[in-house]
Trainee: 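Following this message is one structure expressed as structure tokens.
Predicted model, so just to flag it, every value in this text is computed and none were measured. Every number for a ligand or one of its atoms is a count from 1 in the order of the listing.
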Amino acid sequence: MTDKMHFQAEVSKLLDIVVNSLYSDKQIFLRELVSNASDACDKLRYLAITNQEIGKEAGELKIRITPDDKEMTLTISDNGIGMNKDDLVNHLGTIAKSGTADFLKNAKDNGSVVDLIGQFGVGFYSAFMVADKVEVLTKKAGEDKAYLWTSNGVEGFDVVEAKKDKNGTDIKLFLKEGEKNYVDTIFLRHIIRTYSDHINYPIILNLGEAGEETINTASALWARHKSEITEEQYKEFYRHISKNFDDPWMTLHFKAEGNIEYTGLVYIPSTQPYDLFQPDRKQGLKLYVNKVFISDKVDELIPHYMRFVKGVIDSSDLPLNISREMLQSSPLIAKIRQGAVSRILKELKNRSKNYDDYKIFWSAFGTAFKEGIYEDFANREEIAELSRFYSTGEPDKLTSFDGYISRIKGDGKNIYYITGDDVNVLINNPQLEAFMSKGIEVLLMVDPIDEFWTQTLPQYKGYNIKHISQASEDLSIERKDKKADAGSLDKLIKFLTDLFKDEVSKVETTEKLTKSPASMTVEQGQMSIHLERLMKGHQQQVAYASSRIFEINPYHPLIIKLADMTADKKNADKITEVAKIILDQAKIAEGEPIKDPSFFSEKLSEYILKAI
Ligand code: ADP
Ligand code: MG
């Protein structure tokens with residue numbers, strides 16, 4: 001009985017992009033299929049340890065590549081875990097990752113196929129770059145039934161029961177008209193050597209009457225000595241393990257000896273994956289015990305804020321038959337994590353000395369990495385040291401806390417920051433005027449996460465980290481300019497307090513503004529306006545909205561004028577109108593929405609017209 005099934009909409013889209021792209025590196029399909037075969041062997045080897053039945057059945061694990069120049073097919077076979085019917089339907093017909101649909105839409109609109117291939121590794125579906133029909137004959141280890149999956153890569157696929165003696169999978173590609181060179185053994189040998197030399201299992205090329213040939217070294221790359229590994233091999237292994245197509249930004253190969261022995265080969269990619277902030281994103285390290293794959297789901301192996309790190313940890317000190325549940329609470333795993341984290345931090349510190357180089361890392365992963373400041377208490381100081389920010393000092397360059405400290409004038413003990421959505425908006429915030437005119441640098445924090453870690457890191461190397469609204473220093477500036485008359489200013493404040501009683505809790509004069517007539521702020525110790533906005537954006541209940549203070553600048557000609565106008569009751573309407581516009585301006589500078597945009601723009605046009 002045949003089951004005809006449709007691809008999930010995302011898969012159809014993906015196939016459409018992949019198949020119709022003019023992507024020149026089509027040969028990567030072979031690497032993807034070999035990579036899958038290797039994963040399947042890894043899974044079987046682990047199962048064989050815990051399941052005796054399967055252990056007995058499993059022979060020597062191998063990957064076999066068979067070209068057929070009569071049929072014009074290429075078959076990639078493995079004797080790994082295999083798939084049952086559910087696996088076939090779930091793995092070769094759907095994409096489960098969240099955010100896929102959005103990503104695909106984007107990739108299609110922008111036509112960035114390389115990016116797409118990079119993000120997904122494309123994997124199995126890349127077979128359709130060279131084949132117009134693919135057959136997957138497979139039998140899952142420990143199960144009786146075998147299945148044949150067939151598809152032309154367009155609308156769907158068929159699954160039928162089939163005959164196969166041993167567990168494992170044969171993937172047969174019916175090559176497209178223009179792709180016949182994939183039956184050429186010399187060509188095949190060349191691409192397998194290029195892409196798949198690091199694969200753990202023997203890759204055997206079937207030469208027909210001429211016999212067969214093992215093409216790769218077939219030993220775990222991380223277990224080899226550094227001096228025996230070329231940069232190219234490190235890169236290829238990275239692509240295999242990370243399923244990425246970029247070059248690694250960092251490659252770290254280390255061996256820990258002493259109480260516990262383990263080897264790590266870990267990488268940091270050079271580009272941000274599309275799902276770095278998806279809640280279901282998993283950590284990227286695979287755990288091996290004595291070169292036997294155990295699991296890629298041991299979350300405890302690396303902290304969440306380093307979820308972009310990819311690679312392998314292999315320890316011979318863990319028991320081979322350790323269950324995945326036991327791994328989670330294993331003190332050995334915790335030690336390995338500590339060791340790996342401190343090596344990564346140390347290497348980041350080295351690399352941070354080169355500004356341009358480090359910026360690549362920071363732009364891709366800084367936002368996630370900063371989560372470590374509150375997540376990893378033991379290393380928070382180091383993580384803070386490695387963090388970078390925009391600043392009023394040099395707005396187009398990133399700076400560090402240490403850089404900031406080195407520029408503090410006099411005996412200042414505070415590191416000031418302001419939070420917002422965008423550097424270019426923030427830098428014009430009126431709240432910064434006093435700091436600017438006194439030559440005090442302010443860090444411009446624009447990642448949502450900044451609102452949170454700053455709450456948990458009150459100090460850095462003895463310096464207080466403070467939001468500018470909590471400034472304690474006397475920020476008033478010495479003034480020689482004309483100030484509004486005290487009596488009229490009092491009247492104006494009373495007037496405004498009454499006018500805006502539903503919008504702000506207080507109207508005050510401030511000595512902190514130089515250019516703007518007014519600005520919005522909150523009481524000391526209250527949630528910043530930006531944080532409040534963020535929480536509302538996330539549908540969070542904000543039980544106590546911070547009370548707003550409307551600060552007016554008594555030196556500004558507009559405020560002086562308004563104050564003078566309070567002398568005559570007839571001016572009330574005019575003052576109201578102008579004050580509303582000033583309040584709106586202050587809100588806009590804070591990134592806050594204004595109450596009545598049409599009033600604002602109408603009035604603005606009216607006043608401009610009067611002026612020109
Ligand atoms: P990925 O390798 O990133 O998971 P792929 O598209 O390459 O994505 O493969 C999808 C899934 O199909 C794999 O995760 C695996 O479950 C299954 N699969 C593919 N090839 C094989 C194979 N040779 N043996 C067993 N399962 C396989
Ligand atoms: Mg794959």
Trainee: Check each atom of ligand 1 against the heavy atoms of Gly123 and keep those under 4.0 Å away; list them by number with element.
Mentor: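 Reading through ligand 1 atom by atom, the close ones are 5 (P), 6 (O), 7 (O).
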Trainee: With a 3.5 Å cut-off and sequence neighbours excluded, list the donor-acceptor pairs that the side chains of residues 305-312 form with protein atoms.
Mentor:
{"residue": "Tyr305", "atom": "OH", "partner": "Asp376", "partner atom": "OD2", "Å": "2.6"}
{"residue": "Arg307", "atom": "NE", "partner": "Leu276", "partner atom": "O", "Å": "2.9"}
{"residue": "Arg307", "atom": "NH1", "partner": "His304", "partner atom": "O", "Å": "3.0"}
{"residue": "Arg307", "atom": "NH1", "partner": "His304", "partner atom": "NE2", "Å": "3.4"}
{"residue": "Arg307", "atom": "NH1", "partner": "Glu371", "partner atom": "OE1", "Å": "2.9"}
{"residue": "Arg307", "atom": "NH2", "partner": "Leu276", "partner atom": "O", "Å": "3.3"}
{"residue": "Arg307", "atom": "NH2", "partner": "Glu371", "partner atom": "OE2", "Å": "3.2"}

Trainee: Can you sort out which atoms of ligand 1 are near Phe124, meaning under 4.0 Å from one of its heavy atoms?
Mentor: 5 (P), 6 (O), 7 (O)
Trainee: Does the ring centre of Tyr234 sit less than 6.0 Å away from the ring centre of His253?
Mentor: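 Centroid separation for His253 and Tyr234: below 6.0 Å.
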Trainee: So, at under 2.8 Å, which protein N, O or S atoms would a careful student list around the Mg ion (ligand 2)?
Mentor: Asn36 OD1
Trainee: Does the side chain of Arg64 come within less than 4.5 Å of Ile203's, by heavy atoms?
Mentor: no
Trainee: Pull out every atom of ligand 1 sitting under 4.0 Å from any heavy atom of Leu92, numbered as shown with elements.
Mentor: 12 (O)
Trainee: Between Lys243 and ligand 1, find which residue part has any heavy-atom pair under 4.0 Å and reply side chain, backbone, both or neither.
Mentor: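 Lys243 to ligand 1: side-chain contact only, backbone stays beyond 4.0 Å.
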Trainee: Ligand 1 and Asn36, any nitrogen or oxygen pair closer than 3.5 angstrom?
Mentor: yes
Trainee: Measuring from atom CG of Leu148 to atom CZ of Phe157, what distance do you get when rounded to the nearest 0.5 angstrom?
Mentor: 12.5 Å
Trainee: Run the side chain to side chain contact (heavy atoms under 4.5 Å, CB included) test against Lys145 and tell me which residues pass, sequence neighbours left out.
Mentor: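 Lys145 satisfies side chain to side chain contact (heavy atoms under 4.5 Å, CB included) with Tyr147, Glu161 once adjacent residues are dropped.
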Trainee: Charged N to carboxylate O below 4.0 Å: is that the case for Lys282 and Asp299?
Mentor: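 Salt bridge flag = no for Asp299 with Lys282.
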Trainee: Glu135 and Lys133: salt bridge (Lys or Arg N to Asp or Glu O under 4.0 Å), yes or no, with the steps?
Mentor: CA-CA 7 Å; Glu135 286 181 358; Lys133 181 175 142 190; 3.7 Å; yes
Trainee: Check each of Arg239, His240, Lys243 against Ser35 using the side-chain hydrogen bond (donor to acceptor under 3.5 Å, both in side chains) test, and report the only one that passes.
Mentor: His240
Trainee: Apply side-chain hydrogen bond (donor to acceptor under 3.5 Å, both in side chains) to Ser270 and list each qualifying residue two or more places apart in sequence or on a separate chain.
Mentor: Asp246
Trainee: Could you tell me whether ligand 1 has any atom less than 4.0 Å away from a heavy atom of Met83?
Mentor: yes
Trainee: I'd like to check whether Asp78 has a polar contact with ligand 1, where a contact means an N/O of the residue lying under 3.5 Å from an N/O of the ligand.
Mentor: yes
